[in-house]
Each structure stands twice: as C-alpha cells, then as structure tokens.
Asker: 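One structure, pasted below without further comment.
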Amino acid sequence: MLRVYNTLSGSKDLFEPMVPGKVRMYVCGVTVYDYCHIGHARSALVFDVLRRYLEYSGFAVEFAKNFTDVDDKIIKRANEQGVSCERVTTTYIQAYYEDMEKLGVRRATLEPRATEHIADIVALVDTLLGKGMAYRVEGDVYFQVDRYPVYGRLSKRKMDDLQAGARVDVDERKRHPMDFALWKGSKPGEPSWDSPWGPGRPGWHIECSAMAMRHLGETFDIHGGGMDLIFPHHENEIAQSCGATGKEFARYWVHNGFVQINQEKMSKSLGNFFTIREIFDKSEWPETVTGEMLRYFLLSTHYRSPLDFSDQSVAEAKNALNGFYDLFERLKESAPAQGAVDQQMREANTRARQAFIAAMDDDLNTPNAVAALQKLRGEANKALDAGLSAEMRHVVREEFRSLGAVLGLLQPDRWQFKSQGSQESHGASGAPAKRLSDEEIAGKIAARLVAKQSRNYKLADQLRAELSSHGIIIEDRPDGTSRWKR
RNA sequence: GGCGCCGUACCCAAGUGGCUAAGGGAGCAGUCUGCAAAACUGCGAUGCGGCGGUUCGAACCCGCCCGGCGCCUCCA
C-alpha cells in the first residue's frame with residue numbers, strides 16, 4: 001500500500017483514491033514561454049514515476065497536466081520577438097514535447113490549455129462573484145481571501161505573518177494585500193476574451209482550478225507540482241476552488257524538491273540554470289543513453305530532497321547504468337537448459353521485487369528502489385558465474401524490464417552494445433571525430449580474432465587500441481568471441 | 001521579521017529509537033584472462049555537523065550552537 005507525503009496534512013498518508021481502482025491526478029505543467037530546464041525535468045519525471053507506479057499497482061490513472069499558454073511572461077516574450085503569443089506558445093509546447101520524449105516522460109492522458117478553457121474560467125469567476133468571495137475593480141476581478149477563513153492551510157501560514165513579510169508594494173485597489181487576481185482586464189494589444197467584466201484574460205491561479213474541475217471533477221485525488229508552487233499558487237487554487245464548490249479540492253498534495261546548482265536554487269532569475277536541450281546537446285553519448293543517465297541521476301535522490309546537479313553526478317549515473325547493461329548482455333548469451341542456481345535466482349528475483357515495491361510504497365523512495373535493483377544485479381552476476389539456465393536468464397531480464405519500466409529505466413534492448421545501427425545523435429558541439437561504422441568495427445574485431453588465434457597478440461592489441469581510440473571497448477567472451485560497446 | 005528544510009565515508013545517497021549504519025560511483029588489493037575489459041572476492045564511517053539532555057538503548061526524540069539552503073514576489 002502506497003503512502004505519500006501530503007503537504008496538506010504534513011504527514012505520509014496512506015493513499016486511497018475516492019473511487020476504488022481509479023486515480024485522478026492533476027499536475028501543474030509549464031508556462032510555455034521558454035525552454036525547459038533540468039528543474040522542470042525533475043518535476044515532470046517525479047510525477048511521471050508516480051503515475052507509472054500507480055499504474056503498476058493496478059490503478060487506472062487519469063492524469064491531467066496543463067500548459068499555461070496565457071501569461072505576462074508570454075506576452076513579454078512575444079513582444080520582444082515581435083511575434084504573436086500563439087507563435088510563442090506553439091514553439092515552446094513543441095519544444096516541451098521534444099525534451100520530454102528524450103527523457104522518456106510519458107504524455108499525460110489530458111493536456112489542457114488555459115486558452116481552451118476560458119468559458120470554464122469565466123463561469124468559475126462568476127460563481128465566486130455570486131458568492132461574494134470576489135469583487136470587481138474596474139475591469140479586474142479579485143478573490144477576497146478573508147472570505148475564505150482557512151486561507152493558509154496548505155502552506156501553514158497565517159494571514160498576519162504574510163502581511164508582515166510582504167515584500168511587494170500592495171495594489172491600493174485591493175481590499176486585502178493577499179487578495180489575488182482571478183481576471184485581468186486586458187490592455188490594448190494583449191490577448192483578450194470577452195467576459196461579463198469586459199475584455200480580459202485569466203489570472204494565473206484560476207486556470208488550474210477550472211481545468212482540474214472540468215476534467216477531473218470538483219474533488220479529485222492528487223495534485224502535484226514543484227515546492228515553490230505551494231505558496232501562493234496552490235494555496236490560492238484551494239481558496240478559490242473550495243470557495244466556489246464548498247467541497248475539498250484535491251485530497252493529496254504532492255510537491256517535489258528543487259534542483260540546485262552548487263547548493264543554490266536553480267532559477268531563471270538567478271541565471272544559473274541548464275536547459276534540457278543544452279544538456280543533450282553537450283552530451284557525448286547517444287540520446288537514449290543521455291536520457292537514461294539523466295533519469296537515473298534524477299531518481300537517485302528522493303523526490304522531496306534538494307538535488308545538486310553536476311556533470312560528475314550525471315557521469316556517475318552513466319557508470320552505474322553500465323553495470324546493468326553489461327549484465328543484460330551476459331544474460332543474452334547462450335546457456336544450457338539446466339542451471340545450478342536457478343532456484344536461488346528465482347528467490348532473489350522475488351525478494352528484489354518485494355524490496356522494490358516496499359521502497360516505492362514508502363513515499364516513492366526511488367533511491368531505495370534503485371538499490372533493490374542494484375542488489376539484484378549483483379545476485380544475477382553471481383548466479384551467472386555459478387550457472388544459470390537459458391530460461392532463468394530470460395526471467396531475470398524480464399524482471400529488470402518490468403521493474404525498470406516503473407522508473408522508466410533499464411529496458412534491456414535500449415542501449416545498443418553490438419552491431420545495431422549507429423544513428424548519429426551526437427550533440428551540436430564539435431563534430432565528433434570520424435565515427436566508425438559498424439562494418440568497420442566488425443572488420444577490425446574479426447581481424448583481431450584472427451590475430452589472437454594465431455597468437456599474434458601484438459597485432460591484436462594494436463587493433464584494440466585503434467578501436468579504443470574511437471571510444472569502442474571490446475570485451476572478450478570465454479568462448480573466444482568478442483562483444484563491443486561504445 | 002514570519003514559516004520551513006538540510007548537514008551520514010573521497011563523491012552521490014538510503015536509513016529517523018534497538019540485528020554487524022543500505023545501495024551506487026571512485027580508489028586499492030586479489031581471483032579469472034595471452035593482455036585487457038567485464039564479473040566475482042576482500043578493504044573502506046567504533047561513527048552519522050558540534051555540545052548537552054531524555055532513554056536500558058539515539059544518526060534517528062528534545063534543547064542550544066555552528067554551517068548551508070528554501071518560501072513569504074514570477075518560478076518546477
């Protein structure tokens with residue numbers, strides 16, 4: 001049984017969906033005015049894994065992740081570039097899809113956009129006005145926080161504290177400093193939609209409430225996002241949603257920690273961020289490998305802890321993954337029908353699966369889940385030394401495949417160790433020194449084999465050195481043949 | 001000023017009251033190998049930022065201190 005840390009309750013709660021067997025979750029996606037950075041990647045990945053694990057656990061998951069496609073920053077970007085807002089948003093939505101695909105982040109089942117839900121938003125604002133929880137000021141509409149008495153229950157803040165700490169000049173037209181815009185009257189040239197309050201556009205928070213309710217119902221199971229969204233974004237979503245419906249909004253609030261650079265928060269404003277595509281472009285590895293390295297790295301820390309991004313950490317992830325893929329190669333090699341330690345291996349498999357599930361059940365403890373896989377890797381290697389049947393080798397591979405899939409890792413055929421096509425996926429930075437074709441590699445390996453057989457080790461070593469200079473590593477098998485990898 | 005988080009070996013990182021403090025990476029030594037690589041075996045924190053306290057017992061609870069960070073403003 002899964003337990004998740006619920007920001008609302010402040011504790012790890014047993015997860016039970018409203019409707020047995022069905023989970024409805026909403027995650028705040030991105031504002032599409034720029035490329036995604038590694039922090040966006042972490043957030044997307046955390047909820048991708050949560051979704052995968054819920055599905056693995058047998059739930060049907062309805063997963064909505066929005067695009068915020070109307071916003072001050074989008075307007076600003078459009079003006080800077082002299083293009084329409086639509087042009088900006090379609091560009092970065094496309095980029096988002098490309099980046100996420102490289103990371104193996106599955107698409108949500110629903111991907112609503114704010115601009116497609118203006119009618120829902122207007123209706124919601126209207127409801128709040130009708131209930132006296134919002135008020136109009138010229139062409140704007142504000143939510144009145146003191147009409148929602150438990151305001152602050154998510155972020156555990158008191159209204160008095162918030163006022164004391166206010167660092168921003170308060171709009172004099174607001175009745176309370178914490179009141180926030182539900183609807184903004186548009187200035188000329190800005191995107192706008194008709195409304196009972198004149199032409200305007202939605203405030204930031206209202207879109208998520210409207211879209212979540214439209215697609216998942218007034219009350220749903222999980223709402224997620226980065227920790228920085230707890231206040232004010234999610235706090236305001238709760239206020240306006242619960243204010244409008246009188247019902248609970250989301251039952252479990254899940255928030256991921258930040259990616260840091262040198263112990264500091266990575267953010268646009270600090271300028272210390274790395275975009276996802278930048279990382280892929282700079283990587284010396286094929287795209288599938290880079291994607292998995294990043295994924296492994298991002299999942300090797302618990303999702304609520306801060307995570308320091310560095311080249312070294314990502315390189316360590318590569319080394320750790322190598323061990324798995326080396327094992328998968330060994331598991332593919334021919335084997336007898338009977339294995340000396342098949343039974344022990346079967347038991348090790350079961351233990352690993354149980355440990356993996358226990359780790360994931362404990363608030364998505366992916367570091368422990370990975371540790372369970374690492375332990376199984378060691379046991380499988382030992383079993384191979386002792387003698388494992390062809391059938392058990394297959395079983396073990398499938399075990400890695402099914403558990404790995406929960407994390408989006410370790411699909412045994414993903415890394416091409418041998419003679420698969422050498423598609424060019426290398427970065428833009430610097431043309432890679434002439435890359436050997438598979439035919440050339442195979443030729444040199446064959447030549448080396450001949451040299452070895454005639455005990456001409458000098459030539460054999462020379463051939464290996466040549467390959468090595470191209471980043472090709474040869475591993476001799478016990479039967480005299482060789483396999484290679486980049 | 002308010003609210004909150006973190007500090008575990010060379011690096012990353014679990015563990016949050018009780019078996020020998022997981023796991024990975026790096027390193028060193030050994031087995032195997034023509035040599036390598038891979039794999040396997042062994043080594044590595046008498047200690048979990050510091051000092052007190054609670055307890056039969058604490059990395060885990062409490063207090064203080066040191067160091068670092070986050071939110072309170074757009075932000076994953």
Side-chain angles (χ1 to χ4, degrees), chain A residues 10 27-31 33-34 36-47 71-73 76 152 155-158 160-169 178 204 224-233 235 255-260 262-270 273 296-297 300-302 304-308 310 312-327 329-330 355 359 362 365-378 380-382 384-386 452 455-458 460-461 464-465 468 473-478 482-485:
Chain A
V27 170
C28 287
V30 291
T31 301
Y33 72 102
D34 204 348
C36 289
H37 55 60
I38 187 74
H40 296 111
R42 184 181 195 195
S43 186
L45 204 50
V46 164
F47 294 103
D71 172 86
D72 290 346
K73 293 187 291 291
K76 186 169 171 239
S155 56
K156 321 278 186 253
R157 279 168 231 264
K158 296 183 181 66
D160 298 344
D161 298 340
L162 288 166
Q163 288 180 66
R167 279 192 268 148
V168 177
D169 292 335
M178 299 318 296
W204 175 35
M227 284 198 160
D228 50 351
L229 298 181
I230 294 171
F231 191 91
H233 184 53
E235 195 70 73
H255 295 98
N256 67 276
F258 290 121
V259 176
Q260 310 183 326
N262 296 326
Q263 315 296 320
E264 274 191 327
K265 176 181 173 178
M266 180 172 79
S267 71
K268 295 268 168 73
S269 41
L270 289 172
F273 63 92
Y296 188 98
F297 161 69
S300 64
T301 296
H302 185 83
R304 286 192 282 118
S305 301
L307 170 61
D308 217 69
S310 70
Q312 190 198 334
S313 297
V314 179
E316 283 185 8
K318 171 68 166 64
N319 288 339
L321 284 164
N322 276 343
F324 286 106
Y325 284 93
D326 283 332
L327 168 64
E329 283 304 308
R330 290 188 75 191
D362 182 18
N365 194 328
T366 53
N368 266 342
V370 169
L373 294 172
Q374 287 284 6
K375 200 168 172 193
L376 183 62
R377 177 175 73 93
N381 270 315
K382 266 174 264 188
L384 282 166
D385 289 345
K452 274 177 66 179
R455 309 193 71 82
N456 185 351
Y457 294 121
K458 195 177 170 195
D461 289 349
R464 177 165 52 204
S468 172
I473 295 164
I474 296 179
E475 296 177 11
D476 292 344
R477 295 197 187 91
S482 307
R483 63 171 176 240
W484 62 269
K485 62 184 178 186

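We name chains A, B, ... by the order of the sequence lines, and we start the count at 1 in each one.
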Asker: Answer yes or no: does a side-chain N or O of Ser313(A) lie under 4.0 Å from OP1 or OP2 of C12(B)?
Answerer: no

Asker: Rounded to whole angstrom, note down the P distance from G50(B) over to C66(B).
Answerer: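 Each nucleotide's P atom is 15 Å from the other's.
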
Asker: Say you pick atom P in A76(B) and the same atom in C71(B); how far apart are they, in whole Å?
Answerer: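 Result for the P pair: 12 Å, nearest Å.
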
Asker: Quick one: is Arg377(A) getting a side-chain N or O under 4.0 Å of the G25(B) phosphate, OP1 or OP2?
Answerer: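 Yes, such a contact exists.
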
Asker: Hey, which sits more toward the 5' end of RNA chain B by its nearest nucleotide, Lys458(A) or Asp362(A)?
Answerer: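 Nearest nucleotide further toward 5': that of Asp362(A).
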
Asker: To the side chain of Asn368(A), which of A36(B), A22(B), A13(B) is closest?
Answerer: A22(B)

Asker: Could you measure between the two P atoms, the one in U20(B) and the one in A59(B), and give it in whole Å?
Answerer: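 Nearest-Å result for U20(B) against A59(B) at atom P: 13 Å.
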
Asker: Would you kindly compare Asp461(A) and Cys28(A) by the position of their nearest RNA chain B nucleotide and give the one closer to the 5′ end?
Answerer: Asp461(A)

Asker: Mind checking if Phe297(A) touches a base, just sugar-phosphate, or nothing, with heavy atoms under 4.0 Å?
Answerer: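 The residue Phe297(A) makes no contact with any strand.
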
Asker: For the backbone of Asn365(A) and the side chain of Asp362(A), can you confirm whether one donor and one acceptor N or O come within less than 3.5 Å of each other?
Answerer: no

Asker: Which value, in whole Å, describes the distance between the P atoms of nucleotides U16(B) and C6(B)?
Answerer: 13 Å

Asker: Return the pairing partner of C35(B) with a 3.5 Å limit on both distances, Watson-Crick or G-U wobble; otherwise return none.
Answerer: none

Asker: Any base atoms under 4.0 Å from Gly257(A), or only sugar-phosphate, or nothing? Heavy atoms, all strands.
Answerer: base

Asker: Hey, does the side chain of Gln260(A) reach the backbone of Asp308(A) with a donor-acceptor pair shorter than 3.5 angstrom?
Answerer: no

Asker: Please measure how far the C1' atom in G7(B) lies from the corresponding atom in U54(B), and state the result in whole Å.
Answerer: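 That atom pair is separated by 23 Å.
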
Asker: Please check if the number of heavy atoms outside Lys318(A) that lie under 6.0 Å from its NZ is greater than 12.
Answerer: yes

Asker: Please state whether the phosphate of C40(B), meaning OP1 or OP2, lies under 4.0 angstrom from any side-chain nitrogen or oxygen of Asn381(A).
Answerer: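 Yes, Asn381(A) has a side-chain N/O under 4.0 Å of OP1/OP2 on C40(B).
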
Asker: OP1 or OP2 of A26(B) sitting under 4.0 Å from any side-chain N/O of Asn319(A)?
Answerer: yes

Asker: Let's see if you can work this out: which of C71(B), G15(B), C74(B) has an atom nearest to the side-chain heavy atoms of Lys73(A)?
Answerer: C74(B)

Asker: Rounding to an integer number of angstrom, what distance separates C60(B) and C48(B) when you compare their P atoms?
Answerer: 9 Å

Asker: Which nucleotide in the set G15(B), A76(B), A39(B) lies at the smallest distance from any side-chain heavy atom of Asp385(A)?
Answerer: A39(B)

Asker: State plainly whether the residues Arg464(A) and Asp461(A) are in salt-bridge range, i.e. N to O under 4.0 Å.
Answerer: yes

Asker: For the pair Ser43(A) (side chain) and His40(A) (backbone), establish whether a donor and an acceptor sit closer than 3.5 Å, ignoring hydrogens and angles.
Answerer: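 Such a contact is absent between Ser43(A) side chain and His40(A) backbone.
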
Asker: G24(B) base to Gln374(A) side chain: any donor-acceptor pair below 3.5 Å?
Answerer: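 Answer no: no donor N or O sits under 3.5 Å from an acceptor.
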
Asker: Just checking Val370(A): base, sugar-phosphate only, or nothing, at a heavy-atom cut-off of under 4.0 Å?
Answerer: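 Touches nothing.
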
Asker: Does Arg42(A) get its side chain close enough to the base of A76(B), under 3.5 Å, for a donor-acceptor pair?
Answerer: no

Asker: Regarding C35(B), can its base be found pairing with the side chain of Arg464(A) as donor and acceptor, where the two atoms are less than 3.5 Å apart?
Answerer: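 Yes, the side chain and the base share a sub-3.5 Å donor-acceptor pair.
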
Asker: Using a heavy-atom cut-off of 4.0 Å across all strands, would you classify Asp72(A) as base, sugar-phosphate, or nothing?
Answerer: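 The answer is nothing, as Asp72(A) stays clear of every strand by at least 4.0 Å.
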
Asker: Considering just the side-chain nitrogens and oxygens of Lys156(A), establish if one lies under 4.0 Å of OP1 or OP2 belonging to G2(B).
Answerer: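 False: Lys156(A) side-chain N/O out of range (4.0 Å or more) of G2(B) OP1/OP2.
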
Asker: Within the 4.0 Å heavy-atom criterion, would you say Ile230(A) contacts the bases, only the backbone, or no part of the nucleic acid?
Answerer: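 Nothing, no heavy atom under 4.0 Å.
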
Asker: On the nucleotide G15(B), are OP1 or OP2 found under 4.0 Å from the side-chain N or O atoms that Asn365(A) carries?
Answerer: yes

Asker: Say you pick atom C1' in U8(B) and the same atom in A45(B); how far apart are they, in whole Å?
Answerer: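 It works out to 8 Å between them.
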
Asker: Check every strand shown and say whether Arg330(A) touches a base, only sugar-phosphate, or nothing at a heavy-atom separation below 4.0 Å.
Answerer: sugar-phosphate

Asker: Answer with base, sugar-phosphate or nothing: what part of the nucleic acid does Lys382(A) contact at a heavy-atom distance below 4.0 Å?
Answerer: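 Sugar-phosphate, backbone atoms only, no base.
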
Asker: Taking the same atom, C1', in A58(B) and in G18(B), what whole-Å distance lies between them?
Answerer: 9 Å

